[in-house]
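Have a look at the structure below, then the notes.
We count ligands from 1, going down the list as the structure has it; atoms in each ligand are counted the same way. Residue numbers run from 1 in the order of the sequence given. What you see is a predicted model; the values in this text were computed from it and never measured. Basis for what follows: all heavy atoms, side chains included, without hydrogens, waters or symmetry-related copies.
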Amino acid sequence: MSSQLVDLSHGNTMALACVADSVVTLTNEAQLDVFMTSYSENTEHNLPLFVLSGGSNVLLPAALEAIVLQPQMRGITLMAQTDKYVDIEVMAGENWHDLVVHTVSQGWYGLENLALIPGLTGAAPVQNIGAYGVQLEDCLQYVRAYHLPTRTWHHLTRVDCEFGYRDSIFKQSPNTWLISCVGFRLHTDAKKILASYGDVRAVTERYAEQQGRLQAEPADVMQAIIDIRQQKLPDPKQLPNCGSFFQNPIIPQEQFTALQTTYPAIVGYSMPDAMVKVAAGWLIEQAGLKGGGIAPIVTHQQQALVLTNHTPYQATQDDVATAQRYISNAVYEKFAIQLSREPVWVNADGSIGYDEHVA
Ligand SMILES: Cc1cc2nc3c(=O)[nH]c(=O)nc-3n(C[C@H](O)[C@H](O)[C@H](O)COP(=O)(O)OP(=O)(O)OC[C@H]3O[C@@H](n4cnc5c(N)ncnc54)[C@H](O)[C@@H]3O)c2cc1C
């Protein structure tokens, strides 16, 4: 366990300048108990707590006046095995993509569609990560988490986690839980593959064919998804970003139909209750902002939904807010649709902010 003033500019994939007052690295669960006991005994001088993992879904402030808890517990344990499935327990500090590659190489299937999502395993339940028709909750059995306000450990089942689309109890109650471990049930039956989403099926089948196989295997799905994602999304190591920056807005069918008369090519997907989910990337592109924004924060040339930072380790959260406001206003003026941000906005005291920074 260590505690010191730390520059977190390299600890967030958006590469925003950030210095934290204090960082505590946790490599096992007992360290958290020890830390929390001393923290609760020194309430007078204590800074607030903030949990940070891979930093791929956060917008950090220039000065983070909080104690940053970094769960870095490692380990993958095989808990049970039958001829149909395996149960594994994965510690929070395991890199997510490495876990996906490891499970597929073991013949344990279910996570392959979630390949190449940055970050650590402990953060994956927070927004119930999802991609290509699969969400984390499809394979998750339980979460072991520490409840910070009461200093108690909890075993949360999938139902307890209250998963929704990019949502969970952990996201709904920020600064409350620290996830230390995630339990998964994965299939050993290769027929469980899901390659029917978008362009994944065609690329998967091409891979299988190249390997001389009649039937595609989960490894082919994973490889197809890695390739598609590498083509579509900028690598944060080359061009800092935090993935999809804006959520796809959901608007009433009536409003969508009215927009269709002016913009016949508008991209939307029907939702329950006469609502339509509109492609935010299309809206931004039509507002003339593909590759646009306010320097140094601009949308990606190939994917307008992704904001990129062109002055890594110098640009700040304020620069992001300025660019976000500019893009949101341009989209609102053209379509009367309000865009919302997907990554977590972290305030100087470690609390989670909402859209109050945006006009
Ligand atoms: C290029 C790119 C592509 C992406 N693609 C996708 C995608 O396809 N699908 C998708 O769903 N997401 C995607 N993301 C978003 C991101 O990768 C995920 O949300 C990921 O799970 C975040 O993990 P992290 O370790 O970086 O978390 P962080 O960014 O460190 O934290 C995110 C939030 O979780 C909290 N948190 C972190 N660790 C814990 C813990 N152990 N216990 C409790 N709370 C915790 C933090 O306080 C914060 O609120 C993408 C991001 C990038 C940069």
Can you see whether Thr152 engages His154 through a side-chain donor-acceptor pair at a distance of less than 3.5 angstrom? yes

Do Arg341 and Gln247 meet the criterion of a side-chain donor-acceptor pair at a distance under 3.5 Å? no

So which protein residues pack against ligand 1 under 4.0 Å, heavy atoms counted? Thr13, Phe50, Val51, Leu52, Ser53, Gly54, Gly55, Ser56, Asn57, Val58, Pro71, Ile117, Pro118, Gly119, Leu120, Gly122, Ala123, Ala124, Val126, Gln127, Ile129, Gly130, Ala131, Arg166, Trp177, Leu178, Ile179, Arg229, Pro236, Asn241, Cys242, Gly243, Val344

Ring-face cation contact, Phe163 with Lys171, 6.0 Å cut, 45° max: no

Under 4.5 Å between any side-chain heavy atoms of Thr77 and Ile88, yes or no? no

Can the ring centroids of Tyr85 and His187 be said to lie less than 6.0 angstrom from one another? no

Picking from Trp177, Phe170, Trp153, what satisfies ring-ring contact (aromatic ring centres under 6.0 Å, His included) with His147? Trp177

